[in-house]
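As structure tokens, the structure follows; a few thoughts come after it.
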Amino acid sequence: MSPASTGASITVDATPAVPVVDSRMAPGGPGYRRMSFALFLAGVATFALLYSTQALLPLISGEFGVAASEASWTVAAATGGLALFVLPMSALSERFGRRTVMTGSLAVAVTVGLVVPFAPNLTALVVLRAVQGAALAGLPASATAYLAEEVRPRALITAIGLFVAGNSVGGMSGRVITGWVAQEWGWRVAVGVIGVIAVACAVAFRLLLPAPRHFKAGSLRPRVLARTVRDHLANPLLRRLYAIGALFMTVFGGVYTVIGYRLTEAPFSLPQGIIGSIFLVYLVGTVSASTAGRLVGRLGRRGALYAAGGTTAAGLLLSLADSLPLVLLGLVLITGGFFAGHAVASSAVSKTATAGRAQAAALYQSAYYVGSSAGSTIGAIAFHAGGWGGTVGVGLLAVLGVVTITVLGTRAARAQQRLATA
């Protein structure tokens, strides 16, 4: 019997359900490749400029007549400047936009990079490097915040991994290029060449990066910023991730600041060009960073951090050998472990922070580069006091810290699960 014959009424919703479409970028979608390549180039420019003097420290020591611990300040000043200014720059990006701040930061950094080769003494060189690091502070936090806003969550780890991969390529190419150029024409010309390369990367970045579609301007009020920072620091997971980033970078900063000095000495006695080529192992970091998403998919975040820490520790121990192949293998493991750990931790920060993402990323970057400055300085002091074994000892202590923090995180997660099921 039909409804009409029974007198019953029927309410028919003629409006079909409209599926919610996520307009953020995803692999294979419009703009994703341009965005990935643009931020890859930004990562190249950032690390190439930031560590442009690291492979040249023995030459800088020779020209200015200073020890490794003094020359290492040309690296520590740059990373320290970045660590100090990354939070203020992230606040500017909340107000004026990620792309605007990244573009301005790169413009200032590459300009200073063209002036650095003309530094008349070590003090001037250190000051210029500090200014350059402060300018580059607008890149890391703004880039990860841009990705968190413009890329779909499932693709976030992969996208951040590509940015970190750009870091590794920049670090590698900068050191390889400076090594060979410096061998022929000195460290000043080498640093100048990096400046020119960074200019090209900055121009291409600005032309390629898609305009943001999901950015919402925030406030520059100090109280709002302080409250956001306080909330992030009150989050136990974020605190652990910040500490992990700092400790991983302590290892990396110490190893790569001192390795040039070790390889110039007996039993290796390598020329500057060959030492620069050693940094080709950064390509391992490119691969490990870009595949961090798959590693997390298999092992989970904490499992991936354990694997990264164990790989780094194994590399440190191998590097103690007086055999060049074993030292190189050690550097491969250190580099792969570091970049995997960094990509996992930094992407976890972006996923954990639901508000004030730029500040959350900035705090991570600040801790990360404080670790770099500490590693560069302490690693050089340890090398002066106890040789390469001293630098390795500092690195192993830092890895132990990573493992300890990850264990505490695992216990905290299990305790929360027990409470949830109680």
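Counting begins at 1 with the first residue of the sequence.
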- [ ] For residues 54-91, pull every pair meeting ring-ring contact (aromatic ring centres under 6.0 Å, His included), keeping only residues two or more places apart or in separate chains.
- [x] none
Task: Residues T406 and R302: side-chain donor-acceptor under 3.5 angstrom - done: no
TODO: Mind jotting down which residue pairs meet the ring-ring contact (aromatic ring centres under 6.0 Å, His included) criterion with at least one end in residues 382-419? Sequence neighbours excluded, please.
DONE: none
Task: Partner set under salt bridge (charged side-chain N to carboxylate O under 4.0 Å, His left out) for R188, not counting sequence neighbours - done: E63
Open item on the list: Pairing donors with acceptors under 3.5 angstrom, does anything connect the side chains of T410 and Y306?
Closed with: yes
Open item on the list: Tell me if a side-chain donor or acceptor on R206 pairs with a main-chain N or O of T103 at a distance below 3.5 Å.
Closed with: no
Task: Nearest-0.5 Å distance that lies between atom CG in L324 and atom CD1 in I278 - done: 5.5 Å
TODO: Would you check if the distance from the ring center of F252 to the ring center of F248 is below 6.0 Å?
DONE: no
Task: Candidate pair R98 and E149, rule salt bridge (Lys or Arg N to Asp or Glu O under 4.0 Å), full reasoning - done: CA-CA 10 Å; R98 320 300 185 194; E149 292 163 352; 2.3 Å; yes
Task: Backbone N/O of L57 and side chain of Y261: donor-acceptor pair under 3.5 Å - done: yes
Task: Y364, F47, Y369 screened by ring pair (Phe, Tyr, Trp, His ring centres under 6.0 Å) with H342, the one that passes - done: Y364
Open item on the list: Within this structure, what is the CZ-CG distance for the pair R301 and L241, rounded to the nearest 0.5 Å?
Closed with: 6.0 Å
